[in-house]
Asks: 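First the structure, which I've put down as structure tokens, then a few questions once you've had a look.
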Amino acid sequence: MNTSLASDMTFEVIVGNKKLVSSGLVHLDEPRFEISIHGLVIEIVFISERDSAPKYVGNVVDGRLRMELINHNNSLGEGVFTPIEIGKINDKSLYMTYYVFVPSASENKRSFEFAFYLGDA
């Protein structure tokens with residue numbers, strides 16, 4: 001992420017060997033949504049299953065990355081802080097972290113925080 005602060009200043013975030021390229025927060029009342037980054041479409045789907053711990057599963061479906069976030073229903077939040085590799089952009093690895101807060105699972109109310117990084121900063 002390269003944001004102009006003034007005409008002669010720039011802002012970058014580097015974590016280890018990864019450069020932050022985008023981050024944000026989305027408020028949701030739907031069990032699915034999409035993020036597109038440099039042509040890569042990522043479908044995020046929230047799934048509830050009985051007797052299963054929180055986990056994520058990623059698959060490519062119809063040319064899109066489908067990330068199923070299973071049992072991410074905690075009002076205190078849960079997610080992944082260690083960047084997970086989800087694809088490649090311009091021969092660099094694309095990583096993602098996320099955290100989900102669920103104030104009302106019965107109404108599908110969620111806050112979804114995310115960050116995308118490119119490797120080899």
Side-chain angles (χ1 to χ4, degrees):
M1 187 161 108
N2 192 354
T3 303
S4 183
L5 300 175
S7 62
D8 62 345
M9 295 177 63
T10 60
F11 177 81
E12 287 186 331
V13 176
I14 307 285
V15 180
N17 68 341
K18 296 171 186 64
K19 181 177 180 179
L20 181 69
V21 293
S22 183
S23 65
L25 169 68
V26 181
H27 294 138
L28 303 163
D29 62 1
E30 300 280 332
R32 69 182 63 229
F33 72 104
E34 292 181 359
I35 298 172
S36 178
I37 182 166
H38 200 69
L40 174 65
V41 177
I42 305 157
E43 180 184 23
I44 309 290
V45 181
F46 296 97
I47 297 173
S48 293
E49 292 180 350
R50 283 192 180 173
D51 303 323
S52 177
K55 62 184 176 183
Y56 65 88
V57 176
N59 296 299
V60 176
V61 178
D62 297 327
R64 303 167 169 225
L65 174 59
R66 178 183 167 104
M67 288 192 64
E68 296 177 351
L69 304 184
I70 300 165
N71 292 337
H72 284 62
N73 298 319
N74 192 326
S75 63
L76 298 176
E78 52 205 330
V80 175
F81 284 99
T82 301
I84 52 176
E85 186 174 352
I86 62 169
K88 297 264 188 204
I89 293 180
N90 297 333
D91 294 324
K92 290 191 175 189
S93 294
L94 178 66
Y95 297 88
M96 178 182 181
T97 60
Y98 69 88
Y99 206 75
V100 181
F101 297 92
V102 182
S104 177
S106 64
E107 297 177 295
N108 279 322
K109 305 279 188 216
R110 291 180 173 83
S111 288
F112 183 84
E113 295 178 1
F114 63 90
F116 291 100
Y117 303 87
L118 281 179
D120 305 322

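Residue indices begin at 1 and follow the sequence shown.
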Asks: Do the non-hydrogen side-chain atoms of Asn73 and Ser48 ever get within less than 4.5 Å of each other?
Replies: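 Yes. Closest side-chain heavy atoms under 4.5 Å.
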
Asks: Look up atom CD1 in Ile37 and atom CG in Leu65, then write down how far apart they are to the nearest 0.5 Å.
Replies: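 CG of Leu65 is found 12.0 Å from CD1 of Ile37.
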
Asks: Between Val45 and Tyr99, is there shared hydrophobic-cluster membership here, with clusters defined by ILVMFWY side-chain heavy atoms closer than 4.5 Å?
Replies: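 Not linked; separate clusters.
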
Asks: When you measure from the side chain of Asn59 to the backbone N and O of Val61, does any donor-acceptor pair fall under 3.5 Å?
Replies: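 Between the backbone of Val61 and the side chain of Asn59 there is no qualifying donor-acceptor contact (under 3.5 Å).
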
Asks: CD1 of Ile35 to CD1 of Ile42: how many Å apart, nearest 0.5 Å?
Replies: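 Those atoms lie 6.0 Å apart.
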
Asks: What's the separation between atom CZ in Phe46 and atom OH in Tyr56, rounded to the nearest 0.5 Å?
Replies: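 OH of Tyr56 is found 15.0 Å from CZ of Phe46.
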
Asks: Can you confirm whether Thr97 sits close enough to Phe81 that some side-chain heavy atom of one is under 4.5 Å from a side-chain heavy atom of the other?
Replies: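 Sidechains of Phe81 and Thr97: no contact.
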
Asks: What distance do Ile86 atom CD1 and Tyr95 atom OH have between them, rounded to the nearest 0.5 Å?
Replies: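 Going from the CD1 atom of Ile86 to the OH atom of Tyr95 covers 11.0 Å.
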
Asks: What's the shortest heavy-atom distance between Val80 and Thr82, and which atoms?
Replies: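 Smallest heavy-atom distance, with atoms named: CG1-O, 3.0 Å.
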
Asks: Under a single-linkage definition using a 4.5 Å side-chain heavy-atom cutoff for Ile, Leu, Val, Met, Phe, Trp and Tyr, are Leu28 and Ile70 assigned to the same hydrophobic cluster?
Replies: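 As far as the 4.5 Å side-chain criterion goes, Ile70 and Leu28 are not connected within one cluster.
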
Asks: Does the plane of the ring in Phe33 sit parallel, tilted or perpendicular to the ring in Phe112? Use 30° and 60° as the thresholds.
Replies: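 Perpendicular, since the angle between the ring planes exceeds 60°.
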
Asks: Supply the atom-to-atom distance Arg32 CZ to Arg66 CZ, rounded to the nearest 0.5 angstrom.
Replies: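 Going from CZ on Arg32 over to CZ on Arg66, the span is 5.0 Å.
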
Asks: Minimum heavy-atom separation for Gly119 and Lys18, please, with both atom names.
Replies: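 Taking Gly119 first and Lys18 second, the nearest heavy atoms are CA-CG, 4.1 Å.
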
Asks: Considering only heavy atoms from C-beta outward, does the side chain of Glu43 approach that of Val41 to under 4.5 Å?
Replies: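 A side-chain contact under 4.5 Å is absent here.
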
Asks: Would a single hydrophobic cluster contain both Val26 and Leu69, if residues Ile, Leu, Val, Met, Phe, Trp and Tyr are joined by side-chain heavy-atom contacts under 4.5 Å?
Replies: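 They do share one cluster, since a chain of ILVMFWY contacts under 4.5 Å joins Leu69 to Val26.
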
Asks: Rounded to the nearest 0.5 Å, how far apart are CD of Glu34 and CE of Met67?
Replies: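 Going from CD on Glu34 over to CE on Met67, the span is 14.0 Å.
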
Asks: Could you check whether any side-chain heavy atom of Ile44 comes within less than 4.5 Å of a side-chain heavy atom of Met96, counting everything from C-beta outward?
Replies: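 Of all side-chain heavy-atom pairs linking Met96 with Ile44, at least one is under 4.5 Å.
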
Asks: Can you give me the closest heavy-atom contact between Glu49 and Asn71, atom names plus distance?
Replies: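 Residues Glu49 and Asn71, closest heavy atoms: N-OD1, 2.7 Å.
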
Asks: Shortest non-hydrogen contact from Phe101 to Gly77?
Replies: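 Looking at all heavy atoms of both residues, the closest pair is CD2-CA, 3.8 Å.
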
Asks: If every non-hydrogen atom of Asn108 is compared with every non-hydrogen atom of Arg110, which pair is closest and at what distance?
Replies: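 Here Asn108 and Arg110 meet closest at OD1-NH1, 3.3 Å.
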
Asks: Quick one: are Leu94 and His38 in side-chain contact, heavy atoms under 4.5 Å?
Replies: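 Result no, sub-4.5 Å side-chain heavy-atom pair not found.
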
Asks: Search all heavy atoms of Lys88 against all heavy atoms of Ser93 and return the closest pair with its distance.
Replies: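 Distance-wise, the nearest heavy atoms are NZ-OG, 3.1 Å.
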
